[in-house]
Structure formats: C-alpha cells, structure tokens
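Have a look at the structure below before the remarks.
All chains are named by letter (A, B, ...) in the order of the sequence lines, taking the proteins before the strands, and each is independently numbered beginning at 1. None of these values were measured; they are calculated from a predicted model.
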Amino acid sequence: MTTAAISPTIAAYASEFAAVRASANSNSSSWLTSLRESAWAEFEKIGFPTTRRGNETWKYTDLGRLDRETFSRSFGEISLAEVKSAAPWSDDWQTAVVVDGKFVAGLSNNLSGAGVSVTELEASAAADEAVIKSALGQVAKVEGNAFVALNTALFSGGVFVNVAAGVETEQPVHIINIVTAGADNRASYPRTLVTAGANSKASVIESFINLSDGPQFVVPVIEVSLGEGSTVTHYRIQLENEKTIHLGTTRTVHPANAVFNSTSFATGPAIGRNDVHTLLAEPGAETTLHGLYITNGKSHQDNEISTTHEKPHGTSHQYYKGILAGKSRAVFSGRVVVKPGAMKTLAEQKDMNLMLSHGAEIDTKPSLEIYADDVKCAHGATAGHVDKNMLFYLMSRGVSRHDAAFMLVAGFAGEIVDEFQPAQVSEFLYKKLETIIPGLDSEGIL
Amino acid sequence: MLEVTNLHAKVADVENGEILRGLNMTVNPGEVHAIMGPNGGGKSTFANVLAGRTDYEVTGGDIKLDGESIIELAPDERSHKGIFLAFQYPAEIPGVRPWQFMKAALDAQKEARGEKKLSVREFSKLFDAKVKQVKINPDLMKRSLNEGFSGGEKKRNEMLQLATLEPRLAVLDETDSGLDVDAMRIVAESVNALRSPDRSFILVTHYNRLLHHIVPDVVHVLVKGQLVQTGGPELAVEIERDGYKRFMPEPAAAGA
Ligand SMILES: Nc1ncnc2c1ncn2[C@@H]1O[C@H](COP(=O)(O)OP(=O)(O)OP(=O)(O)O)[C@@H](O)[C@H]1O
Ligand SMILES: [Mg+2]
C-alpha cells in the first residue's frame with residue numbers, strides 16, 4: 001500500500017480535534033476520551049477517501065471537494081417553533097433535537113419514556129458506562145472508515161437511546177437533526193447510539209433537515225446494538241440543500257433473532273451518501289433495508305447498502321427505488337455476503353429507477369457473494385421512463401398531463417413513503433413530494 | 001354528436017401500415033352503436049384514436065364532436081368534452097389510489113367546464129354510491145389502481161369510472177369480454193342507467209350476449225380498418241350465427 005494522500009484541509013480538522021482534546025476535563029469519561037483519540041489517529045492515518053484510482057468503495061462518488069474546501073463545527077440558534085415547523089412533530093413522541101450536530105435538551109421533549117430513555121450520549125458515558133462502552137464504536141467501527149472516525153473524534157454530545165429489555169413501545173423516538181441558517185461551511189457530526197434490550201421493540205426516526213442554503217458538511221453516524229430477539233425499526237429522512245455534502249452511516253450488529261428494519265428517504269445534497277451495513281452475526285437474524293432517493297439538478301446520491309450473513313437462517317431484504325432528473329447521478333451499490341456456514345439464508349436485492357431526463361445517470365450494481373450452500377438469493381435492477389400507457393390512461397379521464405405525470409412519479413415514490421410510521425411521518429413526506437416533484441427537471445414530462 | 005369521416009390512422013413513428021382505412025360513422029345523441037368485427041380489424045385502434053392516444057397518427061379524415069374537429073385535442077381535453085374510453089386492457093398504476101384519481105379527474109373535468117368542484121365530503125358520498133352501484137369490492141379502492149385486480153375487477157373499475165364521470169360519449173372496448181354473467185349484467189345496468197337522449201355509446205363487442213342487455217340502435221361490422229356493413233340488432237344475430245366470412249374481402253382482392 002502506498003501512503004494515503006492526506007488532504008491539505010486536514011489541518012483544520014486537526015485543530016478542531018485539539019480543541020476537543022483540550023476541553024476533555026475530569027468530567028469526561030476516560031474511556032470515551034481514549035475512544036476519540038484512537039478515532040482521530042485512524043482518521044489522521046487514512047485521511048479522506050479522495051484518491052480516485054483503485055478506490056472501489058468510492059468509485060462513483062468523487063469527494064474532491066473535501067480536499068479544497070474546509071468545514072468546521074459551529075453552532076447556531078433555533079427556536080422550538082422553527083423546529084416544529086421544519087420537521088414532523090408530535091407531543092406523544094420522544095423527541096431529541098440536535099442543532100448543528102449538538103444535542104439540545106432544552107428543545108427536546110418527553111425524553112424519559114416508559115422503558116425508553118433518551119439522553120445525551122456524552123453525559124451518560126460515565127453513568128451508563130457498562131452499556132455504552134460495549135456498544136459505542138463497537139458497532140460502527142472506525143477502522144478504515146474516515147467518516148465514522150471523524151464523527152467519533154468530533155461528535156458534540158450525541159444521542160443515546162436505551163430501550164429496556166422486554167419493552168415494546170407504541171410511540172417512536174424522533175431525533176431531529178437541524179442545520180441552522182446563518183453560516184456556511186459548517187461541519188456537523190450527529191451521533192446516535194441505540195441499544196435495544198433483549199426482546200424489546202422500538203422505532204427510531206432520524207430527520208436531517210437543512211435550513212441553510214449554503215454549503216455544509218453533515219456526517220452522521222447511527223449505530224444500533226440489538227439485543228437477542230429485539231426489533232428496531234429505523235426511518236431516515238434526509239432533506240438536504242444542493243450545496244451540501246451529507247455522508248451518513250448506519251451500522252447494526254444482530255445477535256440471535258434480532259431484527260433491524262430501516263427505510264430511508266433521501267433527497268437534495270450536492271453529494272449524499274447513505275451507507276448502511278447490517279451484520280447478521282447470529283442465527284435467525286433479519287434485516288429489511290428499503291429506501292427512496294430523488295435526485296435533481298447536479299445532485300449526487302450514493303446508496304451503499306450491505307448485509308453480511310454470518311450464521312444460518314438469516315433473512316435480508318434490500319429494496320431501493322430512485323427518481324432521477326436533470327443531470328443528477330445516483331448510485332445503488334447493494335451487497336449481500338453469505339459467509340460459509342450461513343445455510344438457509346434468504347436474501348433479496350432490488351433496485352428500481354425512474355429516469356425523468358436523458359441527462360440523469362444511475363449506476364446500479366446489486367451484488368451477491370455467496371459462500372454457503374442451501375441458500376435462496378435473488379437480485380435485480382431496473383431503470384425505466386414514465387410509462388406512456390399509464391400516462392394516457394390517467395389523461396383519458398381528464399387529468400392534465402402534468403398532474404398525470406405527478407401522480408405516476410408520486411405513485412412510484414409512494415410504495416416507500418407509505419412505510420414511514422406513524423402515518424404523520426408519511427403525510428409529512430407526501431407534502432414534501434408536492435413541492436419536490438414539480439421542481440424536478442424532467443424535460444417536459446412534468 | 002359524433003361524426004367520423006374517412007378516418008385513416010396508423011401507428012405513429014412507423015412508415016406505412018394503415019390500420020384505419022377510411023372509416024365513416026355518425027352517432028346521434030342518445031344512440032347506442034355496437035361495433036363488431038374479427039380480431040385485428042382495428043376496433044381498439046378506433047376506440048383509442050377517438051380518445052386521443054398519441055401512439056396513433058391520424059393520416060386522413062376527421063373526427064367531429066358537436067360539429068368541431070377534435071383531432072388536435074389531447075386526451076384530457078377530449079375527456080373534458082365528454083369522451084370516455086373503457087379500455088380493453090386497463091393499465092395497472094402503482095401507487096395511484098382509485099379514490100384520489102377519480103377525485104382529481106372529476107375536479108379537472110368540472111374546472112374545464114367552468115362548474116363548481118365537489119367538496120371532499122360531496123365527492124366521497126358520490127363515489128361510495130357508485131362503488132355500491134357497480135358492486136365493486138370496496139377493498140379494491142384501497143389498493144393501487146388496477147394493480148393485481150382480476151380481469152373482471154378491472155372491467156368493473158372501468159364501469160365505476162364511467163358511472164362517476166358520466167361522460168356524453170362512452171366507448172366501451174370489449175368491456176363484456178371475460179366477465180361472468182353477473183358482471184355482464186352490471187355492465188349492462190351501468191350503461192342503461194346512463195342512457196339518456198343526450199348521451200351516446202359505442203360498444204365494441206364480440207358477443208351478441210351483451211346486446212341482449214343493451215339493445216343497440218345500430219350495429220356496425222369493422223373489417224380491415226373499414227365499416228363494411230351497418231344494420232340493426234339483427235346484424236349481430238347473423239354474425240353470431242354465420243361469423244365474418246361474408247364480410248371478408250376476396251383473397252384475390254386483398255391488398256388491392
Ligand atoms: N400500437 C400498435 N403497434 C403495432 N401494431 C398495432 C398497434 N396497435 C394496433 N396494431 C395492429 O393493428 C391491428 C388492429 O389492432 P386492434 O387492436 O385495433 O384490433 P381489434 O379489432 O381491437 O382486435 P381484437 O378483437 O383482437 O381486440 C392489429 O393488426 C394490431 O396488431
Ligand atoms: Mg381490441
């Protein structure tokens with residue numbers, strides 16, 4: 001291996017880390033401090049993955065901007081009313097509000113629920129050391145991953161969602177991550193740790209809302225440490241602006257019979273990445289990874305979706321749908337690895353794309369790597385245009401061409417949007433679609 | 001109401017191969033016309049050309065509705081003028097719910113005609129009544145439009161749309177094909193319920209059976225893109241008995 005090219009902008013991140021290090025006082029957990037230190041060391045070693053040649057995991061996504069522009073943490077202000085108008089909100093939910101990457105208790109609501117506690121991760125690091133230490137950085141590992149490393153070194157506060165064993169919740173935990181207006185080139189590192197006790201059942205919504213119209217750098221990491229037989233349902237909403245780089249990471253480790261379901265809605269950024277890996281480490285584990293990406297203009301959305309089956313009787317479903325317009329690009333890189341001995345695995349992968357313009361481009365590569373016998377796996381990918389036959393059917397009833405095309409595009413999206421629960425969340429997304437879809441550069445289809 | 005003169009049409013973006021080759025037809029207000037004819041004769045093409053499908057190109061002749069040519073009108077504009085096509089093979093449309101679709105369609109029609117739109121409550125009441133009228137399983141209304149509907153359910157859904165939109169000229173393209181006896185009766189009832197002095201129907205069918213329930217004023221035979229015979233209901237009886245042999249062009253004359 002040649003030495004990694006270290007970005008000329010790294011110095012800026014180094015001075016930030018120096019500040020984090022300096023502010024670590026006697027209140028900080030020493031194990032957390034050393035976790036941050038090792039994360040920083042890893043980041044310094046590998047740098048940003050901006051080298052183009054031989055860079056398989058970033059083959060379709062060019063991060064060159066990170067070598068030229070610097071982003072650093074800074075924190076704006078926002079009122080509760082602004083938060084409520086920007087994201088779905090219910091007083092019945094447990095809501096954590098994270099502003100420019102920092103957990104803000106004063107804007108949050110209902111944090112201690114029955115069986116589910118939502119706290120600041122850093123503040124809980126000492127008190128809940130036993131639970132947190134064995135999970136934080138263990139599920140989302142820093143090794144070889146610049147963005148997990150950077151997030152681990154620099155996150156501000158973080159959110160810790162702890163679901164007690166056996167608890168089944170009715171209401172979700174909602175983590176609202178907001179980038180405020182008022183400053184450009186902000187970096188934010190939202191960090192969430194979810195620990196789910198044995199046989200518990202809970203759902204976590206993460207909204208990423210950007211209220212600024214300038215370039216920002218958003219690097220969230222969520223790691224989910226599942227208990228045996230537990231089920232965590234995760235909804236991820238990424239509503240970005242077209243100048244921002246948003247690189248999100250989701251990691252889970254599954255003990256026996258643990259289930260992780262995740263549905264993602266991603267639109268907007270200059271460069272977006274939704275990097276999900278679920279590790280089915282013990283028998284009978286299950287994961288469903290669904291998502292919708294909508295790209296327009298010059299935006300780029302990369303979906304890096306992977307599952308590793310290590311033990312028998314695991315099930316994984318990957319289903320992503322894309323709507324591409326303008327000169328945008330999207331990537332679906334689905335990967336399922338079935339390790340030797342993971343018999344009776346059931347794995348499905350599918351990526352479907354609706355292309356609204358000739359200038360848009362999709363790189364879709366669902367891949368299965370199967371090293372075990374007696375497995376059932378299937379994969380496929382499609383890319384098509386708005387169906388003329390359907391358009392005619394709708395228009396023949398009196399609906400205008402524009403409205404008919406809207407219905408078809410929204411209908412394509414609807415299959416994924418309908419999965420968002422509670423219904424208030426899918427309604428929120430449908431409302432967004434009412435402005436997003438007509439704004440797509442579709443060469444006159446819409 | 002409808003006046004079709006010397007209509008020629010072919011598939012758009014192919015060179016030759018006219019499917020409609022000089023079709024003439026006049027439908028007066030209140031009349032029911034049946035079109036019968038052998039497979040591939042051009043019945044569905046004619047129905048789709050009336051509704052404005054752009055896959056076909058009109059290469060000659062004219063279609064007039066109330067004295068005005070509609071050739072240049074888009075499908076939605078024709079619909080606003082009261083034309084409705086019940087499709088032989090209705091499209092399956094993922095993610096579009098029948099209720100929302102019909103509400104949007106009726107709204108668009110009312111708006112185009114300068115009429116007042118129905119409120120959500122008014123529309124719901126109307127739609128529920130129509131669902132009952134055509135006896136379509138209400139659970140289907142929660143699904144995507146036609147997606148996974150059985151053949152008969154799709155046809156009933158076409159009748160539901162017909163009943164909801166109350167067009168002035170309804171073209172039913174083999175709505176009776178593949179229907180059980182009860183469903184056939186519902187199609188007939190839907191049409192008969194709408195029959196009025198200012199509303200007309202064109203029924204494309206292969207079976208005289210439907211015509212027992214909906215007695216047509218005129219029966220046409222469409223062969224190779226032309227109406228080769230026009231008569232009364234007795235023509236349908238003859239066709240059922242003797243087939244289309246006598247209407248087919250002589251082999252020697254074919255291609256002339
Ligand atoms: N879009 C199209 N592309 C190519 N050929 C077409 C197209 N539409 C119709 N045709 C051809 O035109 C001819 C007439 O077809 P059409 O569907 O109108 O017949 P039909 O009378 O409705 O037949 P059926 O009784 O089987 O429904 C057929 O030969 C058909 O293959
Ligand atoms: Mg036909």
Side-chain angles (χ1 to χ4, degrees), chain A residues 263 265 290-292 294 319-323 350 352-354 356 382-420 423 426-427 429-434 436-438 444-446, chain B residues 12 47-56 73-98 100-113 142-147 154 157-158 160-162 164-167 170-171 173:
Chain A
T263 306
F265 180 103
H290 287 184
L292 174 73
I294 304 176
Y319 181 35
Y320 269 68
K321 291 178 102 173
I323 298 169
K350 196 158 80 172
M352 284 171 69
N353 295 282
L354 183 58
L356 296 181
T382 62
H385 301 276
V386 167
D387 187 298
K388 269 167 59 182
N389 198 31
M390 295 182 193
L391 209 53
F392 175 59
Y393 186 89
L394 299 179
M395 287 177 73
S396 76
R397 303 307 185 230
V399 176
S400 72
R401 192 189 162 81
H402 174 274
D403 289 356
F406 176 91
M407 282 181 191
L408 293 179
V409 177
F412 181 86
E415 190 187 2
I416 301 295
V417 171
D418 284 341
E419 291 183 8
F420 284 79
S426 46
E427 283 156 21
L429 292 174
Y430 273 114
K431 266 263 161 311
K432 289 284 166 199
L433 288 180
E434 283 174 19
I436 293 170
I437 294 173
I445 294 168
L446 279 159
Chain B
N48 279 274
V49 167
L50 285 178
R53 189 183 207 112
T54 51
D55 294 348
Y56 300 107
L73 298 185
D76 53 328
E77 295 167 316
R78 297 188 195 201
S79 164
H80 302 158
K81 293 209 177 291
I83 294 182
F84 178 94
L85 169 60
F87 288 83
Q88 183 173 6
Y89 304 110
E92 300 194 4
I93 307 192
V96 174
R97 312 265 167 243
Q100 274 83 357
F101 173 44
M102 274 298 100
K103 174 81 168 75
L106 195 60
D107 280 355
Q109 302 224 355
K110 298 248 176 209
E111 188 175 311
R113 295 185 203 126
K142 296 182 193 122
R143 301 233 296 258
S144 291
L145 192 60
N146 292 326
E147 209 176 37
K154 283 181 184 162
N157 194 31
E158 295 294 284
L160 171 64
Q161 296 179 24
L162 173 76
T164 306
L165 298 177
E166 302 190 330
V171 184
D173 189 0

request  = Carefully, step by step, assess Tyr320(A) and Ile416(A) under the rule side-chain contact (heavy atoms from CB on, under 4.5 Å).
outcome  = CA-CA 8 Å; Tyr320(A) 269 68; Ile416(A) 301 295; over 6 Å; no
ask   = Should Asp76(B) and Arg401(A) be marked as a salt bridge (charged side-chain N to carboxylate O under 4.0 Å, His left out) after you check the CA-CA gap, both sets of side-chain angles, and the distance that decides it?
value = CA-CA 8 Å; Asp76(B) 53 328; Arg401(A) 192 189 162 81; over 6 Å; no
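Of the residues considered (Ala413(A), Gly414(A), Ser400(A)), Ser400(A) shows the highest number of contacts with chain B, using heavy-atom pairs under 4.5 Å. Considering only heavy-atom pairs separated by less than 4.5 Å from chain A, the leading option among Ala108(B), Pro94(B), Ala112(B) is Pro94(B).
Checking Gln109(B) against Ser79(B) by side-chain atom types alone, a donor-acceptor pair falls below 3.5 Å. For the 3.5 Å distance criterion, the side chains of Tyr89(B) and Asn389(A) fail to qualify, holding no donor opposite an acceptor.
Heavy-atom contacts from other residues, nucleotides or ligands closer than 6.0 Å to CD of Glu111(B) number 12 or fewer.
When heavy atoms are compared at a cutoff of 4.5 Å, Asn146(B) approaches chain A solely by way of its side chain, counted from C-beta outward. Contact annotation for Arg78(B): neither backbone nor side-chain heavy atoms come within less than 4.5 Å of a heavy atom of chain A. At a 4.5 Å heavy-atom cutoff, the contact between Glu92(B) and chain A is made by backbone atoms alone. At a 4.5 Å heavy-atom cutoff, the contact between Ile83(B) and chain A is made by backbone atoms alone. Contact annotation for Leu394(A): both backbone and side-chain heavy atoms come within less than 4.5 Å of a heavy atom of chain B. Proximity to chain A is absent for every atom of Pro167(B), based on heavy atoms less than 4.5 angstrom apart. Only the side chain of Asp418(A) comes within contact range of chain B, with at least one heavy atom under 4.5 Å from a heavy atom of that chain.
Note on ring orientation: taking the six-membered ring where Trp is involved, the planes of Tyr393(A) and Phe87(B) are tilted (angle from 30° to 60°).
By the 4.5 Å heavy-atom criterion applied to side chains, Leu145(B) and Met390(A) are not counted as neighbours.
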